Q: 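This is the structure I have questions about; it appears just below.
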Amino acid sequence: MVTLDESREAGGSQQHPMRALTTPHLSRLPNMPGSAMNGISERIGYITRVQSFSACHRLHSVHLTDEDNIKVYGKCNNPHGHGHNYKVEITVCGKIDHITGMIMNLTDLKRYIEEVIMIPLDHKNLDKDVPYFANVASTTENLAVYIWDNMAKAIAPYNLYEIKIYETNKNIVTYRGE
């Protein structure tokens with residue numbers, strides 16, 4: 001059987017290692033239900049940690065005229081900005097270790113969230129305090145990409161599966177690194 005690591009070595013996806021787990025080739029992986037490696041059944045699990053933070057921003061694109069920014073973003077283009085109490089769900093996917101019973105230690109995940117989300121984003125003006133948004137509109141979609149890119153680096157070799165951001169109770173963005 002082909003393991004995820006062997007799949008990568010054979011030219012599998014380097015950019016999104018979990019893509020192999022969402023394809024029809026799942027049955028070839030030894031860590032799926034009903035399969036065994038060295039007599040020990042391995043399972044894939046997902047863990048999610050939820051974190052809230054507050055930040056302000058102004059929806060504005062440097063690539064648009066002031067008039068077009070007002071047309072596209074409306075009241076959210078207010079020059080003084082506006083704020084949100086964001087809720088972020090960070091989901092990691094991986095093998096459930098047969099000795100520890102964990103995909104990864106939640107204490108480590110909490111530390112990575114502190115480093116990637118809380119320190120650079122909490123109680124900040126996204127447009128002025130986060131260099132990434134100097135030339136990128138601080139939409140929730142782009143915020144999800146920013147968090148994904150930085151979390152993926154921080155948690156390697158674990159597999160980041162999904163970032164879900166609740167901008168409001170009615171506005172939710174999901175990003176899976178695609």
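In what follows, every heavy atom counts, from backbone to side chain, and hydrogens, waters and symmetry copies are set aside. Worth saying up front: this structure is predicted, and the values here are computed from it rather than measured.
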Q: Are the side chains of Ile163 and Thr174 in touch, meaning some heavy atoms are under 4.5 Å apart?
A: no

Q: Given the rule in the side chain to side chain contact (heavy atoms under 4.5 Å, CB included) test, do Ile117 and Val88 qualify, once you have shown the distances and angles that lead to the verdict?
A: CA-CA 9 Å; Ile117 297 173; Val88 181; 4.2 Å; yes

Q: Is there a donor-acceptor pair under 3.5 Å between the side chain of Asn142 and the backbone N or O of Ala137?
A: yes

Q: Quick one, Thr91 and Ile47 - any side-chain contact, counting heavy atoms below 4.5 Å?
A: no

Q: Does Arg58 reach the main-chain N or O of Asn77 with its side chain, forming a donor-acceptor pair under 3.5 Å?
A: yes

Q: Is the side chain of Asn69 donor-acceptor paired with the backbone N or O of Ser61 at a distance under 3.5 Å, no angle test?
A: yes

Q: Sub-3.5 Å donor-acceptor pair from the side chain of Asp122 to the main-chain atoms of Ser54, do we have one?
A: yes

Q: For the pair Asp127 (side chain) and His57 (backbone), establish whether a donor and an acceptor sit closer than 3.5 Å, ignoring hydrogens and angles.
A: no

Q: Measure across Tyr73 and Thr139 and return the closest heavy-atom pair with its distance rounded to 0.1 Å.
A: CE2-CG2, 4.4 Å

Q: Tell me, yes or no, whether the heavy-atom count around Asn171 atom CG, taken from other residues, nucleotides or ligands under 6.0 Å, exceeds 12.
A: yes

Q: Between Tyr132 and Tyr146, what is the ring plane arrangement, given parallel below 30°, perpendicular above 60°, and tilted in between?
A: tilted

Q: Considering the options Ile113, Thr107, Asn105, which one meets the side-chain contact (heavy atoms from CB on, under 4.5 Å) requirement together with Leu109?
A: Ile113

Q: How about Tyr161 and Val92: do any of their side-chain heavy atoms sit closer than 4.5 Å?
A: no

Q: If you take all heavy atoms of Tyr46 and Cys93, which pair is closest and at what distance?
A: CE2-SG, 3.4 Å

Q: Answer yes if Val130 and Met118 sit in the same cluster of Ile, Leu, Val, Met, Phe, Trp and Tyr residues linked by side chain heavy atoms under 4.5 Å apart, and no otherwise.
A: yes

Q: Can you give me the closest heavy-atom contact between Tyr112 and Ile155, atom names plus distance?
A: CD1-CG2, 3.3 Å

Q: Do Glu42 and Ile96 have side chains that approach each other closer than 4.5 Å (heavy atoms only, starting at C-beta)?
A: no

Q: If you compare all heavy atoms of Ala144 against all heavy atoms of Val173, which two are closest, and at what distance to 0.1 Å?
A: CB-CG1, 4.1 Å

Q: Determine whether Ile147 and Val145 make a side-chain contact, defined as any pair of heavy atoms from C-beta on separated by less than 4.5 Å.
A: no

Q: Is any side-chain heavy atom of Glu89 less than 4.5 Å from a side-chain heavy atom of Arg49?
A: no

Q: Using a 3.5 Å distance criterion without hydrogens, assess whether the side chain of Lys87 forms a donor-acceptor pair with backbone atoms of Thr168.
A: no

Q: Do Leu126 and Cys56 make a side-chain contact, defined as non-hydrogen atoms from C-beta onward lying under 4.5 Å apart?
A: no

Q: With the 4.5 Å side-chain cut-off for hydrophobic clustering, are Leu143 and Leu59 part of the same group?
A: no

Q: With the side chain counted from C-beta on, respond yes when Tyr166 and Tyr86 share a heavy-atom pair under 4.5 Å apart, and no when they do not.
A: no

Q: Residues in ring-ring contact (aromatic ring centres under 6.0 Å, His included) with His60, at least two apart?
A: none

Q: Mind checking salt bridge (charged side-chain N to carboxylate O under 4.0 Å, His left out) for Asp68 and listing every partner two or more places apart, or none if nothing turns up?
A: none

Q: Do Met104 and Met102 sit in the same hydrophobic cluster, where Ile, Leu, Val, Met, Phe, Trp and Tyr count as joined when their side-chain heavy atoms come under 4.5 Å apart?
A: no

Q: Would you say the rings of His84 and His82 are close, in the sense that their centroids are separated by under 6.0 Å?
A: yes

Q: Looking at Leu121 and Ala55, what are the two nearest heavy atoms and their distance?
A: O-CB, 3.6 Å

